[in-house]
Protein chains: 4
Amino acid sequence: MNKINGGADKRSQILNAALKLFNSQGFHGTSTASIAKAAGVATGTLFHHFATKEALLETLFLTVKTEFADALGALKLPDGELQRQAKILWFAALDWAIANPDKQQFFQQFSLSVEIPLTLREEAMQGILGFIGTMINQGQQQGVIARLPLPLMLENCHGQYLSATRFFLDRPELASDSTHREASFQLFWTAMRP
Amino acid sequence: MNKINGGADKRSQILNAALKLFNSQGFHGTSTASIAKAAGVATGTLFHHFATKEALLETLFLTVKTEFADALGALKLPDGELQRQAKILWFAALDWAIANPDKQQFFQQFSLSVEIPLTLREEAMQGILGFIGTMINQGQQQGVIARLPLPLMLENCHGQYLSATRFFLDRPELASDSTHREASFQLFWTAMRP
Amino acid sequence: MNKINGGADKRSQILNAALKLFNSQGFHGTSTASIAKAAGVATGTLFHHFATKEALLETLFLTVKTEFADALGALKLPDGELQRQAKILWFAALDWAIANPDKQQFFQQFSLSVEIPLTLREEAMQGILGFIGTMINQGQQQGVIARLPLPLMLENCHGQYLSATRFFLDRPELASDSTHREASFQLFWTAMRP
Amino acid sequence: MNKINGGADKRSQILNAALKLFNSQGFHGTSTASIAKAAGVATGTLFHHFATKEALLETLFLTVKTEFADALGALKLPDGELQRQAKILWFAALDWAIANPDKQQFFQQFSLSVEIPLTLREEAMQGILGFIGTMINQGQQQGVIARLPLPLMLENCHGQYLSATRFFLDRPELASDSTHREASFQLFWTAMRP
DNA sequence: AATGAATGAGTTTTCATTCAT
DNA sequence: TATGAATGAAAACTCATTCAT
């Protein structure tokens, strides 16, 4: 029966409501009652699906992370020049963020926050940055990327991505402006030049 | 009486305790009672010095911001090459972060957080990044910095600084390793190259 | 189908699970959900068989009481000396308690508890102690039992039984030690001596 | 200021209210809100004085136990016949129960209940029955008490006391009837006769 | 200025019970 | 008969804030 209403079952209604409220009011600033209300379910229903408020947050984090990873994982990167591959990746990540502003904002808030257990955060970083690490290594062997300490470069990539998406999230009207888009990639890529 | 003991009066004891607790448990995760306890004062005392918990947070934010700005403002930048000036500035900022890990972590958590009223955050950004803006302008006229949109570059500078300090805060043993220090500046500076 | 498997139908599975959980966690401390889980049925099933949680408790109480009464009622008491009859009865009651520790513990907890409606409790006492009352009367006429107020003696018998079973339930290894068994009867019987 | 109103400070008002409500509705059946209301304080006040509802129960238990022990401990037992000493003790205990029906009923409910941690219960038993143990030992050496296993006798004494007080609590009009009072002691003492 | 007992609205969570399947 | 997702009232407990001392 529920299948009729587009898959928006109570569980995902709760996740959606939580995503928006956590973004606008923070984790502790959002009451479970308000999440349930926004999701259009009873308070008990929330706890039927998620053992605790923390568990809800973690599920949300994992869901968003997985969606993002899947979006990038589905990409077909052409053989050839590393810079072209990196550009495709960068724009794909940027476009995902622009297309999913709520999820991106959630990431901005929680990917570095104390609210998420350290292990979860590190796992997420690993999953996403692991791939970047391989690219950097290749680039260094090809001589197109500076030979700087890898962990520092990874943290830098993460920071660049966060600041670029922050920029576009705050100015949605520039999201499709090619000057700014190109500039964001240039900053990212040039930083690693030898 | 208290004035004798080097300024460790109850007010600053409260600020110090709040700094550490907000860092480790977040704003909402920290109760005023626990701050008072950690500060070694009665709960009522906290409210003698700060009208509300929010006011305490804002005072803390402004205090930390001012300290940081003062540290950089006191710097004597030599005439000459812009890159040299930028490097001095970068290392000064890095060293302040390393010397004040609690304050820097506080900044990491709250400079982008919903907990701090937007106006306060923007004001802080202005104060710190305004100066950088002038430097970038100069660099562009001299042809040593790429002519990319300024707001994007500022956001990028902020992001670079946050990721660099995050890196060194997580690895205090590298704080005085010159390879890593130089590398962090290289990433920052190279990004803006034409 | 289930009728084949020796009466272990869902209804009695629920009663069995409730017995153990009420014993270990008390009535209010045990949730209907946990009873259903322990019984291996769905939460809804519990309410098919028992209108409310209270009704389940009362059914359990009556079931246990009936089993106990039946066990003693089936006894064939020999004619002759009252003390011999009393001893047979005492040991039978003791043995029932030892053979059914869960049910006995349930009795310990609920035969005096507020959770069970007063009328039910009194009814149960009546059923069990009524018989004892007759014996005491006989004994008094024969001059082998002291002529003390009957209600006090009945309460005393009940108390003696409870403390004796408590003793053996806490020390199962003594359940078949004849010294202790005899001693328990001696305390019980001697108390009523003229 | 509070000293004026007879020492009924908020903390003891809460203890008094809890005593009555736990008696009539059981531990789990009594909400902390109702205790606070009955005590005439705010809900927060209850938790200011007692960390948890369990802690309140334990404090109450210890308080009542201590009062009882003090009442008996203050007794001056005359030298001489053991039975006379026992009688004085028995009546003192009985009178305390009659004079403090709420506290005694509380004891009836909780001295054997799962709600009170085992260690606390055992400690309480030790404190009260330890003294009885010594008396029984003496009596056995003098040949006036049967040589039955001590633990069984102690459990029996406890049971006798509980049933006697239950009897008088249910029938306050008999509390000063000397026939019943004497009978209760006779049952208690005779039980242990050789 | 400093204290800490007191407050009560608000929080997370539990749970007996219902009902569509 | 059996299921288990859904409910919402009620529970224990927290906490920013006040105020008499």
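Nothing here was measured: the structure is a model prediction, and the numbers come from that model. Each chain gets a letter, A, B and so on, in the order its sequence line appears, and its residues count up from 1.
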Taking ring-ring contact (aromatic ring centres under 6.0 Å, His included) as the definition, give me every residue that meets it alongside D:F47, ordered by chain and number, with sequence neighbours left out.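 Scan of D:F47 (ring-ring contact (aromatic ring centres under 6.0 Å, His included), adjacent residues dropped) gives none.
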Please report the distance, rounded to the nearest Å, between [atom1] in [X] and [atom2] in [N].
{"X": "D:Q25", "N": "F:dA11", "atom1": "CD", "atom2": "P", "value": "10 Å"}
{"X": "A:F50", "N": "E:dT13", "atom1": "CZ", "atom2": "C1'", "value": "15 Å"}
{"X": "A:K10", "N": "F:dG4", "atom1": "NZ", "atom2": "P", "value": "18 Å"}
{"X": "C:L21", "N": "E:dA16", "atom1": "CG", "atom2": "P", "value": "12 Å"}
{"X": "C:I14", "N": "F:dT1", "atom1": "CD1", "atom2": "P", "value": "11 Å"}
{"X": "C:L46", "N": "F:dT1", "atom1": "CG", "atom2": "C1'", "value": "14 Å"}
{"X": "C:K37", "N": "E:dA16", "atom1": "NZ", "atom2": "P", "value": "15 Å"}

Among residues at least two apart in sequence or on other chains, which ones pass side-chain contact (heavy atoms from CB on, under 4.5 Å) with [X]?
{"X": "C:T66", "answer": "C:D70"}
{"X": "A:Q105", "answer": "A:N23, A:Q109, A:L169"}
{"X": "B:L15", "answer": "B:R11, B:F50, B:L56, B:T59, B:L60"}
{"X": "D:L57", "answer": "D:F22, D:F27, D:F106, D:F110, D:E115, D:I116"}

With no hydrogens and no angle check, is any side-chain donor or acceptor of A:D9 less than 3.5 Å from a backbone partner on A:S12? yes
Donor-acceptor contact present, side-chain A:S111 to main-chain A:Q108, <3.5 Å: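 Here the side-chain-to-backbone pair does not exist.
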Only stems of 3 or more consecutive Watson-Crick or G-U pairs count here, both distances under 3.5 Å; name the ones for DNA chain E, or none.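 DNA chain E stems, ordered by first number: E:2-21 with F:2-21.
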Would you say C:H48 reaches F:dA2's phosphate, i.e. side-chain N/O to OP1/OP2 under 4.0 Å?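 It does not, given that no N or O in the side chain of C:H48 lies less than 4.0 Å from OP1 or OP2 of F:dA2.
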What residues, two or more places apart in sequence or in another chain, satisfy salt bridge (Lys or Arg N to Asp or Glu O under 4.0 Å) together with A:R166?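 With neighbours one apart ignored, the set is B:E155.
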Under a 4.0 Å heavy-atom criterion, the protein footprint on nucleotides 12-18 of chain F, written with B, S and -, is BBBSBBB
Please list all pairs meeting salt bridge (charged side-chain N to carboxylate O under 4.0 Å, His left out) that have one or both residues in residues 28-54 of chain C, counting only residues at least two apart or in different chains.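 Counting only pairs at least two positions apart or across chains, no salt bridge (charged side-chain N to carboxylate O under 4.0 Å, His left out) contact touches residues 28-54 of chain C.
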